[in-house]
Amino acid sequence: MPAPTHVSPSLISTLPGLSYTDAALFQREQEKIFEARWIAAARSADLDGPGAFRTLDVGRENVILVRGRDGQLRAFLNVCRHRGARVCMERSGVARRNIQCGYHAWTYGLDGKLVAAPNLTQMPDLDRTAYGLVPVPVREWLGYAWVCVADEPPSFEDTVIGAVTERLGGTGIIEGWDIENLEVGRRISYDVRANWKLIIENFMECYHCATIHPELTEVLPEFADGFAAQYFVGHGAAFAEEAEGFTVDGSAGVTVIPGVVDGHDRKYYAITVNPQVFINLVPDHVIFHRMYPVGPDRTVVECDWLYLPEVVRSGQDLDRSVELFHRVNQQDFDACERCQLAATSKAYAQGGVLVPSEHHIGAFHTWVTEQLAM
Ligand code: FES
Ligand code: FE
């Protein structure tokens, strides 16, 4: 069977199958996209005391994010300046006073300075100030610590805050949710056997909603017609008349966030911040996804459900609320994995097509192509 070679001229082609499987392209995306942009690394409150740290891959680098004794969050490349060993091997933990490399015991302060090394007196020429851990810029916004490993980070205001505001039609309504002061009520980590671009593309369209999201379309009926692009729900998607809350069975949710004013109180907003954050706003909670590519065909997605602190501490039942988007996530990631399975087929060598309600995915493909060309 010959592979299809062209598509109808009125339709836009997708990326070819190779874009989702090629190891060399994935490395290039790591360099040109994930090492070039601001990445949401951790919920700030998870690093809640001096010495609390987390390590994560950002592109091809590994970064250690640590809270200092002065309360400040700092980030460093997780590379020992002696012989280049990875300094911290754990994913998270608490460093007592210092960060010590496990190879020859060079020791760094929580501020990254080289404070000690065995036989240091025999190395009078070693300029300790020149051999600290290499710092990485950190910004805190919406209660998350964002890092950027680029030599010259792009403007945080433009590429992160501006992207969110633009998705919401230039309004500042996100401030009403006071996301910084919400608390994690539930966190679920998904190990998805799919390329990161499949996950973004899926998040951007709702052509699939009627097929795979029965619970979501019950609560958000406009998603059932396939035209509402989640990427563009800057106007907010209205709840079904009979839905009392954003829950798996449409029953009432928990206490509404006080800053969420009339007009937004029965709506769902979805925002994508390229390349790895999706935010959903509903009246009583926020669903915050962070995506971490692991390989061309594997991506870890960490999803936080954020509520008012008093709701989390009161022990109110969050299950019906969490269950709705947990199911949506599973349905979406299953779909992405189905696409990944077929991405190597000759039937998809030239890619497929974007129907009109998916055309904005074409803009994402243009964005990726532009980043790779930089
Ligand atoms: Fe870290 Fe030698 S490589 S102390
Ligand atoms: Fe979906």
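As the structure lists them, so they are numbered: ligands from 1, and atoms in each ligand from 1. Quick note: numbers below take in every heavy atom, side chains included, and nothing from hydrogens, waters or symmetry partners.
- Close placement of the F34 and W196 rings is indicated, their centers lying within 6.0 Å of each other.
- When heavy-atom distances to ligand 1 are checked against a 4.0 Å cut-off, A117 has no atom that comes that close, whether in backbone or side chain.
- Nearest protein heavy-atom contact of atom 4 (S) of ligand 1 is H104 N, 3.3 Å.
- Near W106, the atoms of ligand 1 lying under 4.0 angstrom from a non-hydrogen atom of the residue are 4 (S).
- Residue contacts to the Fe ion (ligand 2): C206 brings no N, O or S atom closer than 2.8 Å.
- Residue H82: an N/O/S atom is found under 2.8 Å from atom 2 (Fe) of ligand 1.
- A salt bridge is absent between D111 and R69: the closest approach of a Lys/Arg side-chain nitrogen to an acidic carboxylate oxygen does not fall below 4.0 angstrom.
- Using a cut-off of 2.8 Å, one finds that H208 contributes an N/O/S atom close to the Fe ion (ligand 2).
- Test N78, N62, V66 against C88 for side-chain contact (heavy atoms from CB on, under 4.5 Å) and you get one pass: N78.
- Atoms of ligand 1 lying under 4.0 Å from any heavy atom of A85, numbered from 1 in the order shown and given with element: 3 (S).
- The atoms of ligand 1 that sit less than 4.0 Å from any heavy atom of A105 are 4 (S).
- Annotation: the span from I279 atom CD1 to I179 atom CD1 amounts to 5.5 Å, rounded to 0.5 Å.
- Counting the atoms of ligand 1 from 1 in the order shown, those under 4.0 Å from a heavy atom of C101 are 1 (Fe), 3 (S), 4 (S).
- One finds the CD1 atom of I271 at 4.0 Å from the CD1 atom of I174 (value rounded to the nearest 0.5 Å).
- Comment: D304 does not engage R186 in a salt bridge, judged by the lack of any side-chain N to carboxylate O separation of less than 4.0 angstrom.
- Within the cation-pi definition used here (under 6.0 Å to the ring centroid, within 45° of the axis), R43 qualifies as a partner of Y144.
- D332 lies close to the Fe ion (ligand 2), since one of its N, O or S atoms is found at a distance under 2.8 Å.
- Of all protein heavy atoms, the one lying nearest to atom 3 (S) of ligand 1 is R83 N, 3.4 Å.
- Without hydrogens or angle criteria, Q276 side chain to A40 main chain gives a donor-acceptor distance under 3.5 Å.
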